[in-house]
Each structure stands twice: as structure tokens, then as C-alpha cells.
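Written out below as C-alpha cells is the structure these notes cover.
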Amino acid sequence: MPTLDRRNLLRASIALAFPPGVIPLFGGCQRTQVVSSRDEPLETGKTYDEPKEALMQIQYLEIVTPDVDKICTQYSNVHGLIFNDPDPNLGGARTAKLSGGGLLGVRRPLRETESPVVRPYVLVDDIEESVAAAADSGAEVALPPMDLQGHGICAIVIQGGIECGLWQL
């Protein structure tokens, strides 16, 4: 006989609260991809089945914090990461490898007005085109494409208060 714990109670409550057919809407995420052509509008809820290579990839995950050592220690203890010495080409970030070939970088704010943030940098084929597409969709270009010696080119856009980096190798 099943026990009544919090998980089963929650499941029963959800089953009673939602009519049949609604629950599958909460079944999880589906693989989607933004269509690259700006002439073709995206359809809400449409799934774009593309090859695995077409999926979004995080190339660099940046954490800006006044407590670099504490964050690096936490990620080392929790995830077993090994951080390198500060990299001057990445704003003094201490970096660790991510699965898939990307990097996690933890650095101090570069200016007094820079707030703590976790900022993903998504790998793109053409950073100029990607920045233009973001701007066309209403994003503010906070940092235009900038060369990071030995790492690639990055840019930062802000949409609805959310900062997103773009990265071209």
C-alpha cells in the first residue's frame, strides 16, 4: 500500500486541481531552436526538430561576484571542479572546464557599478549577425563584439533585464 508522504500528497492535489488533459502540459521541456532567418517569425509553442549540432551551446558561463574565492571553493566542493589562476584576458576570471568544451569563469566586478550576475555566453557562428538580430528584437547592446585574445569574440545583450552573452570562436 502506498504511503502518504508530501510528494504523493502533492501529486494527488495536482490531479484534483487540474482537469484531465492539462497535466501533460507540465511534462517537461521539448527541444526547440530559434529559427536563424529573421524573415520567418517564430511560432509560440512550435517545436523545431533540428540535429543536435543546431542546439544552443553555452561556451562560457560567467559568474561576477565580490567573493571569488568562496564561489570557487563552493563549486570545487560540490562539483569537483579545478579552477585555474586568474586569466587577464577574461577580466581576471578564474576558470574551470565545462563538459562540452566550454568554460566557467568566476571574477570580481570590473567596475563599481557592476552588480553580481550569472551570465551565460551562447556560442554563435556569426557574432555581428547575432548582435544585430538581438537588437532587432529589442535587446540593448551592452557590449558590442569585443576580441578576447586567445578565447574568441564576445558581446553582451540585455533583454527584459536579463543579460546574455554571445560568443564566437
Side-chain angles (χ1 to χ4, degrees), residues 6-7 10 26-38 42 47-169:
R6 285 189 293 185
R7 179 176 288 158
L10 179 61
F26 301 103
C29 297
Q30 294 181 350
R31 186 173 69 186
T32 61
Q33 183 203 357
V34 175
V35 175
S36 60
S37 169
R38 284 183 261 149
L42 297 177
T47 300
Y48 297 90
D49 289 322
E50 296 292 331
K52 185 176 180 180
E53 308 82 53
L55 297 176
M56 187 169 74
Q57 178 183 337
I58 304 295
Q59 179 64 27
Y60 186 66
L61 183 60
E62 181 175 52
I63 298 174
V64 177
T65 176
D67 268 325
V68 171
D69 292 336
K70 285 184 180 180
I71 295 296
C72 289
T73 298
Q74 173 189 322
Y75 277 73
S76 293
N77 290 343
V78 173
H79 303 290
L81 296 178
I82 299 171
F83 285 88
N84 295 322
D85 291 333
D87 184 334
N89 294 318
L90 295 173
R94 293 185 57 199
T95 60
K97 291 182 180 179
L98 295 173
S99 64
L103 288 176
L104 167 66
V106 183
R107 67 167 175 83
R108 286 180 172 66
L110 295 176
R111 60 186 189 290
E112 225 175 84
T113 57
E114 187 174 25
S115 299
V117 67
V118 176
R119 182 185 300 124
Y121 287 78
V122 179
L123 189 61
V124 296
D125 291 328
D126 185 327
I127 199 160
E128 296 287 343
E129 183 179 300
S130 297
V131 168
D136 287 349
S137 67
E140 170 194 347
V141 178
L143 177 72
M146 176 178 86
D147 186 50
L148 299 173
Q149 187 176 10
H151 295 286
I153 304 169
C154 77
I156 299 173
V157 296
I158 303 172
Q159 181 73 272
I162 303 298
E163 295 187 23
C164 182
L166 302 169
W167 198 283
Q168 180 182 324
L169 294 177

Kindly state each residue pair satisfying ring-ring contact (aromatic ring centres under 6.0 Å, His included) with at least one member in residues 123-144, sequence neighbours excluded.
none

The side-chain contact (heavy atoms from CB on, under 4.5 Å) partner of Cys154 among Leu90, Leu148, Leu166 is Leu148

Nearest 0.5 Å, what's the CD1-CG distance between Ile153 and Asp126?
9.0 Å

Tell me which pairs pass ring-ring contact (aromatic ring centres under 6.0 Å, His included) where either residue lies in residues 131-150, with sequence neighbours left out.
none

More than 12 heavy atoms of other residues, nucleotides or ligands under 6.0 Å from CG of Leu110: yes or no?
yes

May I ask you to decide if Ser137's main-chain N or O and Gln159's side chain share a donor-acceptor pair within less than 3.5 Å?
yes

Atom CD1 of Ile162 with >12 non-hydrogen neighbours under 6.0 angstrom
no

Residues forming a side-chain hydrogen bond (donor to acceptor under 3.5 Å, both in side chains) with Arg94, sequence neighbours excluded:
Asp69

Can you tell me if Ser76 uses its side chain to pair, donor with acceptor, with the backbone of Leu81 under 3.5 Å?
yes

Would you list the pairs meeting salt bridge (Lys or Arg N to Asp or Glu O under 4.0 Å) in which at least one residue belongs to residues 141-162, sequence neighbours left out?
none

Heavy-atom pair with the smallest gap, counting every atom of Pro88 and Pro86:
CD-O, 3.6 Å

Sequence neighbours excluded, every pair satisfying salt bridge (Lys or Arg N to Asp or Glu O under 4.0 Å) that has a member inside residues 149-169:
Arg119-Glu163

Kindly compute the distance separating NE2 (His151) from CG (Leu103), expressed to the nearest 0.5 Å.
7.5 Å

Once side-chain contact (heavy atoms from CB on, under 4.5 Å) is applied, do any residues pair with Thr65, and if so which ones, sequence neighbours excluded?
Ile63, Asp67, Val68, Ile71, Val106

Provide the full list of ring-ring contact (aromatic ring centres under 6.0 Å, His included) pairs with a residue in residues 77-117, sequence neighbours left out, each pair given once.
Tyr75-His79

With sequence neighbours excluded, tell me which residues meet side-chain hydrogen bond (donor to acceptor under 3.5 Å, both in side chains) with Thr113.
Arg111

Got a sec, which residues hit side-chain hydrogen bond (donor to acceptor under 3.5 Å, both in side chains) with Glu114, two or more places apart in sequence or on another chain?
Arg107

Where Val64 and Ser115 come nearest, the two heavy atoms and their spacing:
CG1-O, 4.0 Å

Are the side chains of Pro120 and Leu61 in touch, meaning some heavy atoms are under 4.5 Å apart?
yes

Can you list the residues that meet the side-chain hydrogen bond (donor to acceptor under 3.5 Å, both in side chains) rule with Asn84, with sequence neighbours excluded?
Thr95

All pairs passing ring-ring contact (aromatic ring centres under 6.0 Å, His included) where residues 99-122 contributes a residue, at least two apart
Tyr60-Tyr121, Tyr121-Trp167

Where do Ile158 and Ala142 come nearest, in terms of heavy atoms and distance?
CD1-CB, 3.7 Å

Under the side-chain contact (heavy atoms from CB on, under 4.5 Å) rule, what do Ile58 and Val122 come out as? Steps first, then yes or no, please.
CA-CA 5 Å; Ile58 304 295; Val122 179; 4.2 Å; yes

Evaluate whether atom CG of Asn77 has more than 12 neighbouring non-hydrogen atoms of other residues, nucleotides or ligands under 6.0 angstrom away.
yes

Looking at Pro144 and Ala155, what are the two nearest heavy atoms and their distance?
C-CB, 4.1 Å

